[in-house]
Amino acid sequence: MSQNKVNCGRRRLLAATAVLSGTGGLAAIYPLVVSLMPTDGSDFAEEPLEVDVANLMVGAMMTVNWSGKPLWIIRRTPAMLESLLGSSEALLDPQSQQPQQPSNCVNLHRSIRPDILVVIGTCTHLGCLPIAKFRPGEAENMPADWQGGFLCPCHGATFDLAGRVFKNTLAKLNLLVPPHVFLSENRLLIGADKKGA
Amino acid sequence: MPGRDGSRASRLLAWIDDRLPISSFWRRHFSAYYVPKNLNFWYFFGVLALLVLAIEVLSGIFLAMHYKPVATLNPSGVPFAFASIDRIMLEVPWGWLIRNVHAVGASALFLVLYLHIFASILYGSYRKPRELVWIIGMAIFLITMAEAFFGRLLPWGQAAYWGTTVIFNLLAGIPLIGADLALWLRGGLAVGDATLGRFYILHLLVVPLALLFLAMTHVAALRQVGLNNPDGVEIGSRLDDQGVPLDGLPYHPYFTVKDLLAVVLFLLLFVGVVFFVPEGGGYLLEYGNLSPADPLTTSAHVRPPWYFAPFFCILRSVVWNFFWIDAHLWGGLAMLAAILVPASLPWLDHSPVRSVRYRGPITKILLGLLVFVFVLLGIVGAMPNSPMLDLLARICTFYYFAFFLSMPWWSRLDRYRLPPERLVMK
């Protein structure tokens with residue numbers, strides 16, 4: 001009897017056992033992996049939200065919790081709107097060509113009505129919340145020709161008063177303008193693009 | 001160890017030894033483990049790392065008995081997790097001490113690890129045959145960073161909440177799979193209760209187990225190759241007629257006593273900090289974490305803990321898109337590379353000698369500059385952005401990588417002296 005001879009029958013059995021137990025092992029990992037998926041469905045819903053801006057002063061900003069996201073509404077002054085004209089060379093996407101807003105907001109002021117800006121206040125770099133720096137002029141850690149806008153405290157990205165990102169910062173997209181409609185002069189519906197939606 | 005003289009104690013030892021090899025373990029790791037005679041204070045930090053690890057485990061066990069990993073709000077509107085830390089600090093008897101020891105211990109561990117790593121670079125302790133000791137050591141460093149990252153979120157403070165949000169969004173930038181991967185790891189659309197729950201178990205069990213395993217492997221690999229020394233000369237190559245290294249002394253009692261001195265000096269300093277400056281000006285206990293996490297505002301100045309600051313600064317200094325991939329992903333990769341590149345030192349260093357003592361001016365100047373640049377990266381990383389600092393950060397990042405990646409050339413070019421065959425006692 002040769003000692004080197006492989007017992008093919010046993011070898012086949014060994015391979016089959018390895019394949020089967022391997023499959024079983026992988027199948028056992030599956031429930032562990034999917035157990036980590038989110039279970040709270042409400043996290044995903046972006047329910048339309050009605051906001052009243054009657055009390056929003058000219059030149060002021062309000063923050064609304066919209067499905068867990070900070071929604072900013074800003075009533076811009078004529079001077080603020082004027083500041084949007086000057087800075088297009090310093091901006092990365094001055095014409096709003098990236099799909100960061102609904103089609104009715106592809107304009108200079110990135111809004112339906114020139115004065116009222118509606119944006120999601122989440123930095124397009126890594127999701128921190130930028131801070132309003134509306135006062136123009138030189139300030140600590142701000143560029144000397146600052147026209148007013150937003151500064152992200154995490155990595156220093158800057159945005160103008162239409163949420164457009166400046167060049168040479170870490171953020172590469174303008175702030176997101178969600179779909180919204182005016183139900184009346186002072187009532188906004190966020191998250192819907194036509195009335196009654 | 002007592003000899004086998006037939007006394008009751010030695011008979012008990014013999015009985016145990018027949019069943020569990022404790023005598024041979026003692027000889028192998030303590031009484032007959034030969035260590036170079038000329039070790040200096042740079043060799044304090046390995047044993048101190050073990051000590052701080054033990055302090056963290058002990059204080060952590062007692063913290064876990066009072067801490068609640070729940071991010072939802074309690075009836076007074078404060079997240080349960082945040083409130084439970086307040087309770088530990090204000091109501092649990094001596095809780096403030098246990099908590100401060102644990103928090104200051106985290107900084108102490110990184111300080112000791114940075115010095116331990118620097119000692120290895122100084123004396124070429126990563127070189128053949130200690131490559132695995134070095135690589136396992138760098139893995140320990142990486143996993144300690146993970147441990148600190150998970151632990152920092154547990155008090156559910158603002159600074160850690162936003163720091164964690166940023167890291168997840170960094171992962172979300174990975175092409176194709178990033179968004180789903182981040183969602184899966186986070187357990188929700190934003191950092192929240194689900195995230196806190198998994199960070200809790202990762203910090204308490206999963207990472208510490210890995211850390212324990214790696215620390216044991218690190219020491220086992222070290223016992224196999226023996227300790228390097230400031231001269232970078234192998235003591236194992238010159239033995240007396242008993243086969244004992246001429247330049248070696250047994251670890252016990254000669255170096256256990258030396259380590260005891262290190263432990264006493266360290267504990268004096270550590271206890272002093274814990275009692276008199278536990279907050280360390282916001283560097284040991286972050287002021288940014290003293291208010292509860294708020295998903296609707298980011299605090300005005302988000303800065304990383306000091307031990308992450310150099311790597312955070314490297315992340316922040318990469319602002320260019322390449323190959324249609326966003327800058328922030330490149331920044332994340334640069335940060336990872338900054339931790340991983342030093343792991344390949346054994347293959348980057350082509351100098352004929354190990355220790356800096358016998359190397360020429362190029363090594364001394366470039367290594368000195370590396371330390372300076374690394375500290376500078378840490379300082380800049382802890383400050384808010386400004387155009388001047390961004391430029392400085394980019395220059396420092398460039399130097400950091402250039403030091404390692406051009407090492408195969410400059411380490412060959414440098415002058416050197418051949419070390420003596422026997423150790424030099426200073």
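Quick note: numbers below take in every heavy atom, side chains included, and nothing from hydrogens, waters or symmetry partners. Every chain is numbered from 1 and lettered A, B, ... according to where its sequence line falls, protein lines coming before strand lines.
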For atom CG of A/Asn55, is the number of surrounding heavy atoms from other residues, nucleotides or ligands below 6.0 Å larger than 12?
no

Least distance between heavy atoms, B/Pro295 atom then A/Leu129 atom:
O-CD1, 3.6 Å

Any non-hydrogen side-chain atom of A/Lys69 less than 4.5 Å from a side-chain atom of B/Leu296?
no

Ranked by heavy-atom pairs below 4.5 Å to chain B, first place among A/Thr63, A/Thr122, A/Asn65 goes to A/Asn65

For A/Arg187, give me all partners under salt bridge (Lys or Arg N to Asp or Glu O under 4.0 Å), at least two apart in sequence or on another chain.
A/Glu50

Name all residues meeting the side-chain hydrogen bond (donor to acceptor under 3.5 Å, both in side chains) criterion together with B/Arg186; count only those two or more places apart in sequence or in a different chain, and write none if there are none.
none

Taking C-beta and beyond as the side chain, do A/Pro38 and B/Leu183 meet within less than 4.5 Å on heavy atoms?
yes

Take a 6.0 Å sphere around OH of B/Tyr283 and say whether it holds more than 12 heavy atoms from other residues, nucleotides or ligands.
no

Out of curiosity, B/Leu315 CG to A/Leu126 CG, how far, rounded to the nearest 0.5 Å?
7.0 Å

Among residues 160-170 of chain B, which residues come closer than 4.5 Å to chain A, judged by heavy atom distances?
B/Trp162, B/Thr165, B/Val166, B/Asn169, B/Leu170

When the side chains of residues 144-157 of chain B are checked against the rest of the protein, which donor-acceptor pairs come out under 3.5 Å, sequence neighbours left out?
unit_1, atom_1, unit_2, atom_2, d
B/Thr144, OG1, B/Ile140, O, 2.6
B/Glu147, OE2, B/His203, ND1, 3.4
B/Arg152, NE, B/Glu286, OE1, 3.4
B/Arg152, NE, B/Glu286, OE2, 2.7
B/Arg152, NH2, B/Glu286, OE1, 2.9

Say whether, by atom type as modelled, one donor and one acceptor occur between the side chain of B/Arg198 and the main chain of A/Leu36 under 3.5 angstrom.
yes

Neighbour count >12 (heavy atoms, 6.0 Å) for atom CZ, B/Phe398
no

